[in-house]
Amino acid sequence: MRTDSFRGRDFITLLEWSKEEVETILDVALDLKRRFALGEPHDHILRAKTLFMIFYNQSLRTRNSFEAGMTQLGGHAHYLDPGKIYTPALPGKEVAYSTERVSDVARVLSRMGHGIAIRCYGDPVDWVYGGANELIRNFAYWADIPVLNMEDDKYHPFQALADTLTVYEKFGTFKGVRFVMSWAYSPSVHKPRAVPQSAIIAATKMGMDVTLAHPPEMELDPEVIQACQNYAKVNGSSFRIVHDFEEAAKGAHVLYPKAWAPVQMFKPPVGEDNPKLAQEIFDRYKDWKATPEYMALADPEAIYMHCLPADRSWEVEDAVIDNTDPKSGWRSVVYDEAENRLHVQKAVMSLVMR
Ligand code: CP
């Protein structure tokens, strides 16, 4: 366990945290989860501290788990709607009396509280891939207090931590766990890559045997893929990419099918700024759906995962996500994942904001 390296650090991507540090976070999260279950007060940990939460996008899980988490730790979380403050903006994106430069927002909030958490992806940055990550990194550059990424256009590290904790709880190990992150169909192409990218970063970092399954057009960031290959090599585990939905599922312990945008959705130079083409590509793959028959291809003890919200009847059938197939051995663990958001976020906040 490594505890000396946390205080004051930003939490933007798991690429910047070692395997040992992630193990520490999971250990602290399990301790806080046990205390929460027993009703043991732990409100001394961040007593009277403040987290400022800026949401450029909607949220159910992230907002409420951070807000509840800060309350349980003895502090408070402020919800900030960018449209109701002066929208924090980077130089070149400013509008008089409607926006405020990020460097000013970050330095003002640093004088008043103990952490800044931000969610931003997609429309607020006009689908410029990496634009939201740049915004969050600019906050981190100017802020004197930790900056937490509540999902940008590249990473969703708290979701990945919650997913990782859930896998550990179900299997008791990472070694030998066959983890499949798969694309699945949704009628909406407005889906960032953050969840699948952070999921495969975390799974390879912790030593699982990882399969990434997607139609050829739905490739992920090459830098993320390279990092996953490196982690698998270091761990002596495996990482592979396949383009066959059912083939990928065979024998899996973890199936995590969800939609993400094809590269055509993003602005050049990464993409083509062509949502119409992105939609046409999506519609070619309507059969990439989690059904009981799909789940039956996996290991009999397999788990179905989804970060939620799920596009029910497109990404997944109710019988899978609700676990209502009486003959199945596999389990849906989506609410465990959602609950674990609370515990891992409390762990990270306790470690970096203390
Ligand atoms: N999984 C997740 O981040 O959920 P919300 O969009 O509801 O925050």
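Side-chain atoms are counted along with the backbone in the values below, which use heavy atoms only and exclude waters and symmetry mates. Quick caveat, the model's predicted, so the values are computed rather than measured. Whatever order the structure lists ligands and atoms in, that order sets their numbers, starting from 1.
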If you take the nearest heavy atom of each of Arg61, Gln159, Arg119, which one is closest to atom 6 (O) of ligand 1? Arg119
Any Arg341 heavy atom less than 4.0 Å from ligand 1: yes
Parallel, tilted or perpendicular, as decided by the 30° and 60° cut-offs, for the rings of Phe158 and Phe66: perpendicular
Does Glu151, backbone or side chain, put an N or O under 3.5 Å from an N or O of ligand 1? no
Does the pair Arg284/Glu280 count as a salt bridge with the N-to-O cut at 4.0 Å? no
Atoms of ligand 1 less than 4.0 Å from Cys307 heavy atoms? 1 (N)
Once salt bridge (charged side-chain N to carboxylate O under 4.0 Å, His left out) is applied, do any residues pair with Asp126, and if so which ones, sequence neighbours excluded? Lys267
Salt bridge present between Asp104 and Arg101 (N-O < 4.0 angstrom): no
Electrostatic pair Asp322:Arg312 at N-O distance under 4.0 angstrom: yes
Check ligand 1 against His156 and write out every atom of the ligand that is under 4.0 Å from a heavy-atom position of the residue. 2 (C), 3 (O)
Run the numbers for me: atoms of ligand 1, each under 4.0 Å from some heavy atom of Leu60, listed by number. 5 (P), 7 (O), 8 (O)
For atom 1 (N) of ligand 1, what is the nearest protein heavy atom, given as residue, atom name and distance? Leu308 O, 2.8 Å
Geometric class of the Trp183/Trp288 ring pair [parallel <30°, tilted 30-60°, perpendicular >60°]: perpendicular
